[in-house]
Each structure stands twice: as structure tokens, then as C-alpha cells.
Amino acid sequence: GDKAFAAFLTDEIKEEKKIQKHKSLPKISGGWELEVHGTEAKLVRKIAGEKITVTFNINNSIPPSLEEEETQEEQKPDEQEPDITSTPNFVVEVIKDDTKQTLVLDCHYPEDEVGQEGEDESDIFTIREVSFQPAGESDWKETNYTLNTDSLDWALYDHLMDFLADRGVDNTFADELIELSTALEHQEYIKFLEDLKSFVKCQ
């Protein structure tokens, strides 16, 4: 059984490498520096008096596929499988040099974003939560007030989106982040298959 498994993995790795779009990770425009630690990626950008970091994790970042619908309508064999894209939640931290606080904005890609392509104005990501956290502390305090944007005044929400856009986190950035995350996810997937193959072959 293990031999057949290893042979299957060898073919699978070949196929995945064939469809791999990016041999090296795509860059994000606007002077962002990328650090990758396993499945977590961090983008850092410094502007006058501020440091902006965007962190995301590719685990669980691929939306569930619509396979249930396809089985009902019997998928035609020649149909291309849809491209898998990774749309991770991401956290933006804005640290001002002269304060001891960090403004943290928790952002995500809405699932129904696909249907809204007709609207030019619509943002491809939304801010879900906003809070202040003490700078330099890795563990966030549950006791700090967290603003949930569901019931937020639209004018305030728009200002928050503009605040992010002024710091380089806009639709273009969010698009490029999907590209980067998808490439990183695929790279990690291939690496996982290779590790699995070595593991299965190990006596």
C-alpha cells in the first residue's frame, strides 16, 4: 500500500509543479518587505514616523469549493478545474513612533465578493475589528476594547478604509496579497507532498 501511495505522490508532485505559476514568490508593490515563517507571512513598510505591518497565515485560507453544486449537475470531464486562490484574513498593525500603542485592524475578504465585480466602487476586503494594543507585546489583551464594524457608522468606516489606503493597504494591495498568498500556499502544499512522500517511503 505504501509503495502505491508513494508512486501516487510522485505523480501528484510532478503535476503540481507543472501548474505552479510562480517559481519565486511574487513581490508586493509599494516597498513592502516580506518575511515568511512557515505558513505565516509578514509584510512590513515604514513611512514617516510610522511602521505598518500586515500579517497573514495561509492555513485555512482557501474558501471551500462548490463541489456539492457540481455533483448535481454532473461536471463535464473537459471542464477546467477552477483556479484555487487563497484569501486569508490579514491583520494590519499601525505603530506610530511616538506612542506606546498599536492600532490593530483585522481585515478579511468577504466570501460573496465574487458576485460584486460589477460595482467599481466596492472594496475587495473589509475591516472586521479595530482595537488598540500596547506596542511590542505579542499577546493581545482581551480586556482592550475591540470595535466590531458590523454596527459601525458608515462615515467612520470609510475614514478607517481611507486611513489604510493612505498607508498602502488598498484594493491593489489586497489583490497582490491574494497572488502572494496563493503562491505561498501552493509552494507549501508541494513541500508538504514531498515531506509526505519521504515519510511514507521511510522504513
Side-chain angles (χ1 to χ4, degrees), residues 28-65 84-117 119-185 188:
I28 296 219
S29 54
W32 292 90
E33 287 184 17
L34 174 66
E35 299 167 24
V36 179
H37 305 284
T39 58
E40 189 174 84
K42 187 180 195 177
L43 291 154
V44 182
R45 181 173 191 245
K46 291 191 168 86
I47 52 175
E50 290 182 5
K51 177 181 169 188
I52 298 107
T53 66
V54 178
T55 319
F56 65 92
N57 195 317
I58 56 164
N59 280 337
N60 305 318
S61 65
I62 292 179
S65 63
I84 289 178
T85 47
S86 157
T87 49
N89 298 343
F90 59 97
V91 174
V92 183
E93 294 173 60
V94 180
I95 303 152
K96 287 191 185 273
D97 294 347
D98 52 0
T99 69
K100 293 278 177 278
Q101 284 183 316
T102 304
L103 182 65
V104 178
L105 302 103
D106 191 344
C107 304
H108 73 140
Y109 294 96
E111 281 163 22
D112 54 359
E113 166 236 317
V114 186
Q116 300 180 345
E117 281 169 8
E119 302 172 31
D120 295 337
E121 289 302 298
S122 82
D123 291 300
I124 63 171
F125 71 95
T126 58
I127 301 171
R128 210 169 11 191
E129 291 181 344
V130 188
S131 66
F132 279 110
Q133 297 296 342
E137 288 195 23
S138 53
D139 294 333
W140 291 349
K141 292 186 166 45
E142 289 296 316
T143 50
N144 284 11
Y145 179 76
T146 300
L147 175 70
N148 190 310
T149 57
D150 288 347
S151 51
L152 199 58
D153 177 337
W154 276 106
L156 176 53
Y157 182 82
D158 283 343
H159 278 297
L160 284 169
M161 286 298 272
D162 290 343
F163 176 84
L164 282 182
D166 289 343
R167 282 151 183 82
V169 180
D170 52 14
N171 275 348
T172 308
F173 173 88
D175 263 336
E176 291 179 1
L177 187 109
I178 292 177
E179 278 279 297
L180 170 64
S181 182
T182 303
L184 184 61
E185 201 282 333
E188 285 293 315

- Message: Would the distance check show the side chain of Asn171 and the main-chain N or O of Asp123 forming a donor-acceptor pair, the cut-off being under 3.5 Å?
- Response: no

- Is it true that Glu33 and Arg45 make a salt bridge, defined as a side-chain N closer than 4.0 Å to a carboxylate O? no

- Task: For the residue pair Phe163 and Leu103, establish whether any side-chain heavy-atom pair is separated by less than 4.5 Å.
- Result: yes

- Task: Side-chain contact test, heavy atoms from C-beta onward, threshold under 4.5 Å: evaluate it for Thr149 versus Thr126 and give yes or no.
- Result: no

- Kindly indicate whether the side chain of Val36, heavy atoms from C-beta on, has any atom under 4.5 Å from the side chain of Leu34. yes

- Go through Ile58 and Glu188 one step at a time and tell me if the side-chain contact (heavy atoms from CB on, under 4.5 Å) criterion holds. CA-CA 9 Å; Ile58 56 164; Glu188 285 293 315; 3.6 Å; yes

- Task: Measure the spacing between CG of Leu160 and CG of Leu152 and express it to the nearest 0.5 Å.
- Result: 6.5 Å

- Message: Just verifying a value: how many Å separate Asn89 CG and Phe125 CZ, rounded to the nearest 0.5 Å?
- Response: 12.5 Å

- Verdict with reasoning, Arg167 to Ile47, per side-chain contact (heavy atoms from CB on, under 4.5 Å): CA-CA 8 Å; Arg167 282 151 183 82; Ile47 52 175; 3.8 Å; yes

- Note on the structure: Looking only at heavy atoms, the pair that brings Gly168 and Trp32 closest together is O-CZ2, 4.0 Å

- Query: Any side-chain heavy atom of Thr55 sitting closer than 4.5 Å to one from Glu40?
  - Reply: yes

- Query: Are side-chain heavy atoms of Val104 and Val91 found at a separation under 4.5 Å?
  - Reply: yes

- Item | Ile84 side, atom CD1; Ile62 side, atom CD1 - distance, nearest 0.5 Å | 5.5 Å

- Interatomic distance, CG@Leu180 vs CD@Glu185, rounded to 0.5 Å, equals 12.0 Å

- Item | Within 6.0 angstrom of Asn60 CG, more than 12 heavy atoms from elsewhere | no

- Item | Evaluation steps, side-chain contact (heavy atoms from CB on, under 4.5 Å), between Leu147 and Glu129 | CA-CA 5 Å; Leu147 175 70; Glu129 291 181 344; over 6 Å; no

- Ser131 side chain to Asn144 side chain, donor-acceptor N/O pair below 3.5 angstrom: no

- Item | Pairwise side-chain contact, Leu43 with Leu177, heavy-atom cut-off 4.5 Å (strictly under) | yes

- Item | Tyr109 ring center within less than 6.0 Å of Phe90 ring center | yes

- Message: Is any side-chain heavy atom of Ser61 closer than 4.5 Å to one of Phe56?
- Response: no

- Query: Heavy atoms, side chains only, cut-off 4.5 Å: are Glu35 and Val44 in contact?
  - Reply: yes

- side-chain contact (heavy atoms from CB on, under 4.5 Å) between Leu164 and Phe173, intermediate numbers included: CA-CA 10 Å; Leu164 282 182; Phe173 173 88; over 6 Å; no

- Note on the structure: Rounded to the nearest 0.5 angstrom, the CG-OG1 distance for Asp106 and Thr146 is 9.5 Å

- Item | side chain to side chain donor-acceptor pair (under 3.5 Å) evaluation trace for Ser29 with Glu176 | CA-CA 8 Å; Ser29 54; Glu176 291 179 1; 2.8 Å; yes

- Task: Would you check, one step at a time, whether the test side chain to side chain donor-acceptor pair (under 3.5 Å) holds for Ser86 with Thr182?
- Result: CA-CA 5 Å; Ser86 157; Thr182 303; 4.8 Å; no

- Could you tell me the separation between the CD1 atom of Ile52 and the CG atom of Leu105, rounded to the nearest 0.5 Å? 11.0 Å

